[in-house]
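For reference, the structure discussed in these notes is given below.
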There are 2 protein chains.
Amino acid sequence: MGRRQDLINTALRLFYEHGIHAVGINQVLEEAGVAKQTLYNHFETKDSLVEAVVEQRDSLFFDWLEQRMSSRPAGKEALLEMFDAVNDWINNRVPTLNRFYGCFFINTCAEYSDPEHPVHKRCAAHKARIFRLFKHHAESLSNSEMDAEELANALFLLKEGAIVKAHVEGDLEAAVKARAIAERMM
Amino acid sequence: MGRRQDLINTALRLFYEHGIHAVGINQVLEEAGVAKQTLYNHFETKDSLVEAVVEQRDSLFFDWLEQRMSSRPAGKEALLEMFDAVNDWINNRVPTLNRFYGCFFINTCAEYSDPEHPVHKRCAAHKARIFRLFKHHAESLSNSEMDAEELANALFLLKEGAIVKAHVEGDLEAAVKARAIAERMM
DNA sequence: GCCGAAGTAGACAGATCGGTCTATTTTTGA
DNA sequence: TCAAAAATAGACCGATCTGTCTACTTCGGC
């Protein structure tokens, strides 16, 4: 797989579970079984590694969600499938996403509050991608009360809220309840 | 105000802006103008200080929100006022809450992922308090489609989603949009 | 077989971490 | 007034942090 990818995978797992500032470079190296100089051959600084980790999580999560949604007819059914997918994630039924510790991008922005920081920007870009995915499906719904933008936004907020509630309060049913609310809106 | 309170206030400001693990004890001491031994007379460890900080933020935020909501008739109007209050917060019109860096409790849980950790538990307790406040107002609404629990939950998720979206994506209109969605549900 | 690239272990640097300790000064209340 | 309590400055501890450096080994392509 290559040392670079080993480092990214190990760092993602540790950063996601414990937070970024709580995990030192040495711990990543030890668990990845890679020498320190090798890391600094591939990445200029720890922050460069963090950027690569965020990019990796972006691909991993987006591709997974897009695939889940495309397994159902575009529109309402795909959007409801999204809540089912999130529910599976919250309840640790999606091994490729690792154990559930909330949203990695929200968590990362908690540690990189400056919106101009490259790491924060990448997290924002991920959320924008997800929103566009929702909007694409919302556009194939005709709804007199709400236009596609507003519907996508509503579903996005419900999803974000459910992820946060599941993590902070340990509510494993958060996505199921969010789905019920969403269904009534469509 | 007392050194203990000085320490809590300074720590809250720094922890909220930069995250908890990114801020050292020495920085808190320097900015608070307090000696190190004084801190360890009042708190056993850094984590004890963190607990006190979370408790402080809980009071500060809850009391502020409850007051804002009670300025309007109980029920629908108070619940809509909640979104206006959050909108003011996001747009830095509430000096007592400090500059907006997302939700302190969500951010803190990102750094304390273990749900059994006292700090995480206090964050969860805060969210439960807020939810009960919402539910109280939701109960004074008669709604055939949705019971009070479900309505409170929907509004809660929209609020959490809006705060996250405002922080991660810098969307200063997030609470306004959430309010519009909420209004249609009531 | 050989050369250069890539990876290894591990010492090292300078800074910072949370936390302890001592010795001195300030504050406070009976 | 005077003693106890509280706060001070700052040295100190061992551990850890990111990042650099050296010297040795492994490995793949020509």
Side-chain angles (χ1 to χ4, degrees), chain A residues 1-56 107-114 117-120 122, chain B residues 1-56 104 107-114 116-120 122:
Chain A
M1 201 193 299
R3 320 278 173 190
R4 185 187 149 95
Q5 199 57 46
D6 287 344
L7 287 167
I8 291 173
N9 291 343
T10 302
L12 172 56
R13 177 172 54 80
L14 293 172
F15 290 167
Y16 181 35
E17 176 164 358
H18 304 291
I20 292 168
H21 291 126
V23 174
I25 280 298
N26 294 316
Q27 189 182 351
V28 175
L29 294 170
E30 192 178 346
E31 299 209 16
V34 168
K36 187 174 274 198
Q37 189 55 45
T38 303
L39 186 151
Y40 285 102
N41 285 341
H42 288 291
F43 304 98
E44 282 193 352
T45 63
K46 183 185 180 181
D47 264 15
S48 309
L49 171 62
V50 173
E51 282 192 63
V53 165
V54 173
E55 194 179 6
Q56 162 76 4
N107 294 355
T108 297
C109 283
E111 297 197 73
Y112 291 84
S113 64
D114 178 5
H117 194 289
V119 169
H120 189 117
R122 276 178 193 263
Chain B
M1 201 192 301
R3 320 279 174 193
R4 186 188 149 94
Q5 199 57 46
D6 286 345
L7 287 167
I8 291 173
N9 291 343
T10 302
L12 172 55
R13 177 171 55 81
L14 293 172
F15 290 165
Y16 182 35
E17 176 165 358
H18 303 291
I20 293 169
H21 292 126
V23 174
I25 279 298
N26 294 313
Q27 189 183 351
V28 175
L29 294 171
E30 192 177 345
E31 299 209 17
V34 168
K36 187 173 274 198
Q37 189 54 42
T38 302
L39 186 152
Y40 284 102
N41 285 341
H42 289 290
F43 304 99
E44 282 194 351
T45 62
K46 183 186 181 181
D47 264 15
S48 308
L49 172 62
V50 173
E51 282 193 63
V53 165
V54 173
E55 194 179 5
Q56 162 76 2
F104 179 69
N107 294 355
T108 297
C109 284
E111 297 197 74
Y112 291 85
S113 64
D114 178 4
E116 296 308 312
H117 193 290
V119 169
H120 189 117
R122 276 178 194 263

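Below, chains carry the letters A, B, ... as their sequence lines are ordered, and counting in each starts from 1.
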Interatomic distance where CD1 belongs to B:I25 and C1' belongs to C:dA15 [whole Å]: 17 Å

Heteroatom pairs (N/O) under 3.5 angstrom, protein to nucleotides 25-30 of chain C:
none

How many whole angstroms separate atom CG of A:D6 from atom C1' of C:dG7? 12 Å

Without decimals, in angstroms, what is the distance between A:H21 NE2 and C:dT16 P? 15 Å

dist B:F15:CZ -> B:T108:OG1 (nearest 0.5 Å) comes out at 9.0 Å

Taking only residues two or more places apart in sequence, or in another chain, which ones meet B:E17 in a salt bridge (charged side-chain N to carboxylate O under 4.0 Å, His left out)? none

What's the separation between atom CG in B:L12 and atom CD in B:Q5, rounded to the nearest 0.5 Å? 10.0 Å

My understanding is that only residues two or more places apart in sequence, or in another chain, count here; which of them pass side chain to side chain donor-acceptor pair (under 3.5 Å) with B:D6? none

N/O donor-acceptor pairs under 3.5 Å from side chains in residues 21-30 of chain A, not counting sequence neighbours:
{"residue": "A:H21", "atom": "ND1", "partner": "A:E111", "partner atom": "OE1", "Å": "2.9"}
{"residue": "A:N26", "atom": "OD1", "partner": "A:K36", "partner atom": "NZ", "Å": "3.0"}

Just jot down the salt bridge (charged side-chain N to carboxylate O under 4.0 Å, His left out) partners of A:E31, sequence neighbours excluded, or say none. A:R13

Between C:dA6 (P) and A:F43 (CZ): distance, integer Å: 15 Å

Less than 3.5 Å apart, which donor and acceptor atoms pair up between the side chains of residues 47-54 of chain A and the rest of the protein, not counting sequence neighbours?
{"residue": "A:D47", "atom": "OD1", "partner": "A:Y112", "partner atom": "OH", "Å": "3.0"}
{"residue": "A:D47", "atom": "OD2", "partner": "A:H117", "partner atom": "NE2", "Å": "3.1"}
{"residue": "A:S48", "atom": "OG", "partner": "A:T45", "partner atom": "N", "Å": "3.4"}
{"residue": "A:S48", "atom": "OG", "partner": "A:T45", "partner atom": "OG1", "Å": "3.2"}
{"residue": "A:E51", "atom": "OE1", "partner": "A:R122", "partner atom": "NE", "Å": "3.1"}
{"residue": "A:E51", "atom": "OE1", "partner": "A:R122", "partner atom": "NH2", "Å": "3.4"}

Taking only residues at least two apart or on different chains, which pairs with a member in residues 28-55 of chain B satisfy ring pair (Phe, Tyr, Trp, His ring centres under 6.0 Å)? none

Rounded to whole Å, how long is the line connecting atom OH of A:Y40 with atom P of C:dA5? 23 Å

Listed partners of B:E116 passing salt bridge (charged side-chain N to carboxylate O under 4.0 Å, His left out), at least two apart: B:K121

Kindly calculate the angle separating the two end axes of the helix from C:dG1-D:dC30 to C:dA30-D:dT1, each obtained from five base pairs, and round it to 10 degrees. 20°

Sequence-distant partners of A:H120, ring-ring contact (aromatic ring centres under 6.0 Å, His included), two or more places apart: B:H167

So which of residues 26-39 of chain A are in contact with DNA chain D, with a heavy-atom cut-off of under 4.0 Å? A:N26, A:K36, A:Q37

In whole angstroms, how far is the C1' atom of C:dG19 from the CG atom of B:N41? 13 Å

Run the side chain to side chain donor-acceptor pair (under 3.5 Å) test against A:K46 and tell me which residues pass, sequence neighbours left out. none

For atom NZ of A:K46 and atom P of D:dT20, their distance in whole Å: 15 Å

With respect to the phosphate group of C:dG7, does any side-chain polar atom (N or O) of A:H42 fall under 4.0 Å of OP1 or OP2? yes

